[in-house]
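Down below is the structure, laid out as structure tokens.
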Amino acid sequence: MTHKLFQRSTRLAAIGLALLLTVGTVPTPAAAQAQGSITPNYKDADLSQIIEAVSAVTGKNFIVDPRVKAQVTMLSSTPMTPNAFYEAFLSILQVHGFVAVPSGDTIKIIPDANARQVPANDLPGRVSSTSDEIVTQVVAVKNVSAAQLVPILRPLIPQYGHLAAYPASNMLIISDRASNVNRIVRIIQRIDQQGDEAVDVVQLQHAGAAEVVRIINSLYTGAGAAGEGAGMPQVKIIADERTNSVLISGEASQRLRLKTLVAHLDTPLQSGGDTQVRYLKYADAEKLSQKLREQIQGIAAAAMPAGAAGGGAAAPTLSSSGGDKSVAIWAEPQTNALVVTAPPKVMRSIMAIVDRLDIRRAQVLVEAILVEMSADKAMDLGVNWLIAETDSNGNSLPAGGFVQPVDGTGIGQIIQGVLKPEAIAGLPSGLTMGLGQIVTGGTSWAALIRAVGGIGNTNIIATPSIVTLDNEEAEIKIAQEVPFVTGQYTNQGVPGTGGVVNPFQTIQREEVGNILKITPQINEGSSVLLKISQEASSIAASSQQVSTNDLITNKRTITTNVMVEDGGIIVLGGLISDEVRESKSQVPFLGSIPLIGELFKTRSVDKVKTNLMVFIRPRILRDGTDAAIESNAKYNYIRKQQVDRNDGRVPLMPGERQPTLPPLEQLVPPELLNPARQAVAPTATPAERMQGSSSGTSASDPTTGMTEPVAPTAPFGVPSTAPLPPPQPPPGTNP
């Protein structure tokens, strides 16, 4: 007896030590209830020790099956009530394959494989959704068959659980843990819904009831043959031709789907049946109709062999010209409209194409600037002399001389002018100094020093601009037709004219000015591809020009393709040249003698320096607002130039005024002036002003609210008073 008491006290000491290690204190059942919470923590503890601790904390009695053995780890960082500790204990049993089954005042802990064979919490009034205790519940099914639910719910029940149907009362018997039973009951409630087998009557307004029922039955017959919708409640649709109505019976969702389909089929035909008139807004009806006919003919020609080879549905009947007889497209140019006759499918395809093509196309404002500065300097210096003997008859016999014309004028022309003053047609240019003696019957001599220099400067800034549609070639030509003599001759003594001299000249007129051809293509984003042909020609102020027949034409041509960002500036090309040409004519040996050799030589120097650059800037005008901003700015710039010219007065004509453009407000509707005022508002920054206008800006008068022009600017927003930066020569060249 004493030995048994010792063993029992030893066992209680072990339990107390375990609780002390896990809980911190070993409360009695009454003390645990008073304390209110515990914080259990176990690591690789024997399950029997945890059962003893739960029994001590909750005051419950347990009967443990000998097969209940496990090593348990449980970690908790928050305090738990005794009830929560017991629920955690049930979860531990579930994890390790055991179950706690109440039996009177005791709780049996057995393997879960035997759970269905022992009484548990049977038919509770409420099944907990969080508890892991074993419960048995009977669920009455009202609207569906309980037997049909068993194969659906069986995968949700574990092996130790139980699920069976009682067809006589249409009930389900479920035995499992409380949380899973609660889930199964909620699933059954969602499935057990009352069916709606009412009949809907849909009266048709436009379509025929029999035809609609035939189409729908054909659709669902094909779906049923393919095995679709197996097990679904049957739906029926019947036509009542007397009232032109469709009767639909079945489940509510299926009836709703069929009613939607019937409503979609019961729509009126589009205006004109299979023929529509489409008024175009931007595209050309004649060009578009031709392209559409080619499209339809190509589709029909491609579909015909495929249909014939496959033996399927017949392809559209083709006319002798290769077109589809059921499709007709023609254009009415007076109203810019398309008249299309086609089946509904083809009609939709054609209208979709027209919708994509009949859109407002963006425009591109292209501004080019050509800067050319050239300087032409020439200097000629030479000596001419001549010695001749004159006999008694007045004939001159040259004895020697150095005759080399300087700038086209030699000593011979000077002497001829002295002997015959009436033969002088014009005085030579430059400095001419001569001396000599001309006698009859003796020695005559003459010497001439000729010096001439010329300077020609050219400074040209040309800024042509043009607006065109996207992918449309445009050309602007600002030029003069200058006459050039290509040939001349003189008829003397023409019969019948009494010997009158008849001079004749052939003249060809050439265009001299600026010619810009451009085709812009707007790419995705804001870049523009430009196909450019730029020509700038002018008459150069040459240092060698002496008459109209000596005109020199400068011609600059650039043909290229470039890509520029919207509003960006790019250089198309340029030329920087510096040429020096020297020439010298002299008598061999004598011209090389110092000092004296100057009497036997002529020299000339010609220097030509040219700086040429061509820039271009495109700007995309995507809508009417962008176009109005640019147009208003240029209009104000031109009007400003007219207003500032002589203050509008005509000299020597009091009361007369210069013709001037009217203010923009008198011509343009107010709604088109708003974007212009916003673009050039006085509060705008200089960069915004440059962006708003490239050749001139305008400001809003706060007193009148009218847009008035302000000081014009040079192309691309550069102030006209700012000097252009000098062009930089290429690396390795001397300036």
Side-chain angles (χ1 to χ4, degrees), residues 365 367-373 456-467 475-484 507 509-516 536-541 545 547-548 551 553-554 627-677 679-682 689 692-724:
L365 169 64
E367 297 174 311
I369 178 170
L370 184 144
V371 181
E372 179 179 357
M373 295 179 294
N457 292 320
T458 302
N459 187 4
I460 299 175
I461 297 179
T463 57
S465 62
I466 191 171
V467 178
E475 177 182 1
I476 183 172
K477 183 184 298 184
I478 306 173
Q480 293 179 332
E481 292 189 350
V482 180
F484 292 89
I507 296 176
R509 296 184 178 273
E510 299 289 343
E511 293 180 343
V512 177
N514 293 281
I515 302 175
L516 175 62
S537 56
S538 62
I539 298 176
Q545 178 178 325
S547 66
T548 57
L551 293 177
T553 304
N554 297 328
I629 291 174
E630 293 295 335
S631 301
N632 295 352
K634 297 297 178 63
Y635 187 94
N636 288 332
Y637 171 75
I638 293 298
R639 184 174 182 274
K640 173 68 174 177
Q641 299 299 312
Q642 292 182 333
V643 171
D644 293 344
R645 188 172 186 177
N646 297 328
D647 295 332
R649 294 174 294 180
V650 180
L652 304 180
M653 292 185 180
E656 296 295 333
R657 305 289 296 178
Q658 293 279 0
T660 306
L661 289 172
L664 196 62
E665 289 75 6
Q666 298 181 7
L667 302 178
V668 181
E671 59 271 12
L672 295 182
L673 289 177
N674 292 333
R677 284 199 289 265
V680 292
R689 291 178 179 268
S693 173
S694 60
S695 298
T697 58
S698 60
S700 177
D701 188 351
T703 59
T704 61
M706 299 174 61
T707 303
E708 293 297 335
V710 297
T713 57
F716 305 153
V718 179
S720 57
T721 57
L724 291 174

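- Between E481 and R509, the shortest heavy-atom contact is O-NH1, 3.7 Å.
- The CG atom of N636 lies 12.0 Å from the NZ atom of K634; values are rounded to the nearest 0.5 Å.
- To the nearest 0.5 Å, atom NZ of residue K640 and atom OG1 of residue T660 are 12.5 Å apart.
- Note that OG of S465 and CG of L516 are 9.0 Å apart. Values are rounded to the nearest 0.5 Å.
- Minimum interatomic distance between N514 and A462 (heavy atoms only, all atoms of both residues): OD1-CB, 3.3 Å.
- The two atoms that bring V512 and S537 nearest to each other are CA-OG, 3.2 Å, heavy atoms only.
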Item to check | Pair E511-I515, side chain to side chain contact (heavy atoms under 4.5 Å, CB included): steps then yes or no | outcome: CA-CA 9 Å; E511 293 180 343; I515 302 175; 3.7 Å; yes

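- Remark: side-chain polar atoms of Q642 are paired, donor with acceptor, to backbone N or O of L661 under 3.5 angstrom.
- By the side chain to side chain contact (heavy atoms under 4.5 Å, CB included) test, V467 is found to be paired with Q363, L365, L621, residues two or more places apart in sequence or in another chain being considered.
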Next on the checklist: Set out, in order, the CA-CA distance, both residues' side-chain angles and the distance that settles side chain to side chain contact (heavy atoms under 4.5 Å, CB included) for E372 and L370, then state yes or no.
Outcome noted: CA-CA 7 Å; E372 179 179 357; L370 184 144; 4.2 Å; yes

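- Residues forming a salt bridge (charged side-chain N to carboxylate O under 4.0 Å, His left out) with E510 (at least two apart in sequence, or on another chain): none.
- Side-chain N or O atoms of T463 include none that pairs as donor or acceptor with a backbone N or O of I461 at under 3.5 Å.
- Crowding of Q480 atom CD: a count of heavy atoms from other residues, nucleotides or ligands under 6.0 Å not exceeding 12.
- When side chains are defined from C-beta on, P464 does not count as touching K477, because their heavy atoms never get closer than 4.5 Å.
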